[in-house]
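Data first, discussion second: the structure below is written as structure tokens.
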Amino acid sequence: MSFFSVKGLSKHFGGLVANNSIDLDVEKGEIRGVIGPNGAGKTTFFNVVSGFYTPTSGTVEFKGKVISGLHSSKIAKLGAVRTFQRAALFPEFTVLENVIIARHLNADTSLLNAIFRHNTKAEAGNLARSKEIIEFLGLKDEQDNLALNLSHGHQRVLGVAMALATEPELLMLDEPVAGMNSSEKAVMVGLIKKIRDTWGITVLLVEHDMKTVMSLCDKITVLDFGEKLAEGLPEEIINNDKVIEAYLGADDIVA
Amino acid sequence: MGFETFVQTFANALVLGSIYAMVAVGLALAFGVMQMANFSHGELFMAGAYVVYVLYSLVGLPFLVAVVAAFPIVALIGMLFERVLFRPTRGNVLSGFMATAGAGFIMQVLVGQQWGVGLMRSVVVPYKGSAEILGAAISWQRLVIIPATIIMVGGLWFFLKKVKAGKGLRACAQDPEAAVLQGISLNKMTSLAMLLSGGFAGVSGALMAPIIPVTPYMGHVYGVTAFIVVIVGGMASIEGAVLAAFILGFIHTFISTVYDSVTATMVGVLFMAIVLVVKPTGLLGNVKV
Amino acid sequence: MSKSNSSSFIWLPVVIVIGLFCFAPQVVSAYRLELLTIFLINVILAQSYRLMTTTGDWTLCHYILMGVGAYATGILAKKFGVPFYAAMPLAAVITVGVSLILALPLSRTIGFAFFIASFALGEFIRHVWLKFHTPFGGARGVNGIPKLEIGQQGDWYFIDFWDSTNFYFFTLIFTVLALLVLYRIDRSRVGNAWKSIYADSELCESIGINVTRYRVLIFCVAGFFAGIAGSLLAYQVGSIDPHNFEMVEMVYLIIWVVVGGVKTYWGPLIGVFSMSLVFELARPLQEWRPLLFGLILILFLVFMPGGLETLLPRIKSFFLGLVGKKEVR
Ligand SMILES: Nc1ncnc2c1ncn2[C@@H]1O[C@H](COP(=O)(O)OP(=O)(O)OP(=O)(O)O)[C@@H](O)[C@H]1O
Ligand SMILES: [Mg+2]
């Protein structure tokens, strides 16, 4: 029984088959890359497994429990949390406030607490943990800045910080280094490694950037036209004829 | 319900559905093109009724002339709305909607101060007598609304499908950015949309002037109904608006006849709530707003 | 960050304002005092409406919810002789129940459709009042709602509510309490969750906030306070009918919050205060008054879309300058 297991997952938009019968198994503590050309169906795959879309067919299991069809907030609660391809954040809150808001699942969210603040201890814990996460990801200097004023690189890191604040067991990152310059990319790659190595969080990431994927992932799954094209160790993938063909003409593979 | 009553009610439902359709298509069209909604659409309807009151009852022009004149006059008010209310608030549907609520207040006061507040002014019925259909008597004044609607809505359909400016409107409704890239002027199109929207509301009000009491507040009910129609049909869908108009026309007429008008309104709203739950985009719509 | 500085800066005016309201009965006429009572009720209404808007869900049925509270109170007090200390909480609970039912279809929609659908459902409720003579009294409504009673003539704790001053203070207590609770909620984790939903509902889902549940919740909380406001209104005016809760009233509520702004807690308070003042000053205009308010609404939406509250930072730095403090952040 795998930690995270997808069986025969399909998603259709009307006539368009965005995901076609995808199988995928991820072991605990693994960093798994999902790659594929533009429009291959990677984001759709994330949207389905994280509960944002309901699958047309197939099942998703997480820690032995079927999660496909569940509400997205429920899946997050179970410990499978995703980030977005865009820089998603609450622009008019500070970095620290953003992370504290993301501690929702670990907080007392009752109205009584809202009015009487009886649970200050839990909130103190949330504050401490938020600061810890921010420090861990190297955002300490930005802590009191409004999220909208951050650089793009820092905004993406904040996205990861918010996902981590939910205390996930499986972190799903949608193109975490998209739009970053090379030094920002290097930082992000280091962070993802650190997240797995220090906290033991399993990572599933979608990425275009081959170099990032090769240096980061234990295993890689290739999607093309919504189907699984290949799966294997990075060396196997880079030498796979079908993969080279799919990427032919795209410069991603050498980038 | 006897057969005669049934025929009578059926004909009344057709008439009411026609009026609803004429009022609502303007709202749907404007929403489709501008992504903005006019809270005071009912006040444009009221303005049309007052055009008839002034030109026909006071000045003494023929009824038909007054009805035809209602189109350009109220269309101008519609364009004014677009220019001073919708354009500055473009992109924020709530702001535009509330701004038109303010405009509705203003129109009600101006009309009330000019021609009397809350006084019922009855407009003398120009087409007296009634037609005998399958044993039921339906007044000509009401019956004439059906062909008028067919002409107006048919004309709109022709305009949107065959005339260049109409095609431009449809292009804007589908994808404003792409339309602009094709060299269509968005401002011209929103202006045109509100012109048509006003004109249609105006003519409907004009046609109803001899049938219902003409007061500064008469538009409210029709404005509300138009919104319900448009939500049921699908916010930006003209076909949906026509379909929903007749459904609402039948619901309102039959339930008013069997029970009372308050119940009829309630069932209409309930119907809308059910549509929202089952199909939030409306019967023929595909955009969720 | 000198948080204590800026918050003491806020609390000083608050204490002064409450003091002024306590002092008001000494100086104003009985008629004016009744207007002030209504004003206090409107403050609750406006502030609870602002709460509703924090998720971005503007409604057009808030006035109707107030009506639900008023009708519930009126019927309980008149037909069943329920004393106020039971009638008011019951009315609030009933309003929450109605809000919950309305929220079910409404939460299927967002933005403009939500706005319009809320209006239609509100009208549905108003028509229920019109249609059913028992218990709502049809178009005539509920009349002769008994006054509040605390004690009997002769009891040491007897309070005579035929004296409008006493009811004024009764309302003042509720207003202050409601404002306090709404303030706490606004600053709380739940309040921030609502604001986050407005900013990015997808992101909220991804971090485990059940957006639908929170949208329903906010509707119920706002409904609760609208119900309390309605309850107070029923006791104040003594008779209510469906015309008290027409669309026009809702538009005035919208004018208050548009003029004041909804982004900060203070916006609606500024709005309801300034517009109530204008409303009274414009009394001589008679029938022309709606025109004035229509104009005000349009001018604010077009030229000052954030409302008067956008002036607050400037006023604040002005006062901070007076007392010689540098502004923080
Ligand atoms: N909500 C939707 N409705 C209809 N079609 C969609 C929807 N979401 C995605 N698609 C289509 O599904 C296909 C896969 O899109 P997806 O976003 O999953 O690709 P991707 O692999 O993430 O691409 P990219 O690398 O550009 O992010 C595309 O053809 C896209 O147009
Ligand atoms: Mg993608």
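Everything numeric here is computed off the predicted structure, so don't read it as measured data. Sequence lines set the chain letters: A, B, ... in the order given, protein chains first and strands last, and positions in each chain run from 1.
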* Structure fact -> For Thr264(C), the side-chain hydrogen bond (donor to acceptor under 3.5 Å, both in side chains) test, sequence neighbours excluded, returns Glu309(C)

* Check each atom of Val258(C) against the heavy atoms of chain B and say whether the ones under 4.5 Å are side chain, backbone, both or neither. => side chain

* What distance do Glu123(C) atom CD and Thr265(B) atom OG1 have between them, rounded to the nearest 0.5 Å? -> 8.5 Å

* To do: Check Arg108(C) against Val278(B) and note the closest heavy-atom contact, atom names and distance.
  => NH2-O, 4.2 Å

* Proximity breakdown for Ile254(C) and chain B, heavy-atom pairs closer than 4.5 Å -> side chain

* What part of Ile125(C) gets closer than 4.5 Å to chain B, counting heavy atoms only: side chain, backbone, both or neither? -> neither

* Structure fact -> Rounding to 0.5 Å, atoms OH (Tyr259(B)) and NZ (Lys131(C)) come to a distance of 9.0 Å

* Engaged part of Phe303(C) at the chain B interface, taking heavy atoms whose separation is under 4.5 Å -> neither

* Residue selection (most heavy-atom pairs with chain C, distance under 4.5 Å) from Val267(B), Thr89(B), Leu276(B) -> Leu276(B)

* **Minimum-distance pair of heavy atoms, taken over all atoms of Ala273(B) and Pro105(C)** => O-CB, 4.4 Å

* Anything under 30° is parallel, anything over 60° is perpendicular, the rest tilted; go ahead and classify Phe115(C) against Phe97(B). => perpendicular

* Asked: Ile298(C) and Ala99(B): which non-hydrogen atoms are nearest, and at how many Å?
  -> CG1-O, 3.4 Å

* Structure fact -> Honestly, the part of Leu60(C) sitting under 4.5 Å from a heavy atom of chain B is side chain

* **Ile106(B) side, atom CD1; Leu295(C) side, atom CG - distance, nearest 0.5 Å** => 4.0 Å

* So what's closer than 4.5 Å to chain B heavy atoms on Leu297(C): side chain, backbone, both or neither? -> side chain

* Arg126(C) side, atom CZ; Met266(B) side, atom CE - distance, nearest 0.5 Å -> 12.0 Å

* Side chain, backbone, both or neither: which part of Leu94(B) has an atom under 4.5 Å from a heavy atom of chain C? -> side chain

* **chain C contacts, top residue of Ile274(B), Asn92(B), Leu270(B) (heavy-atom pairs, under 4.5 Å)** => Leu270(B)

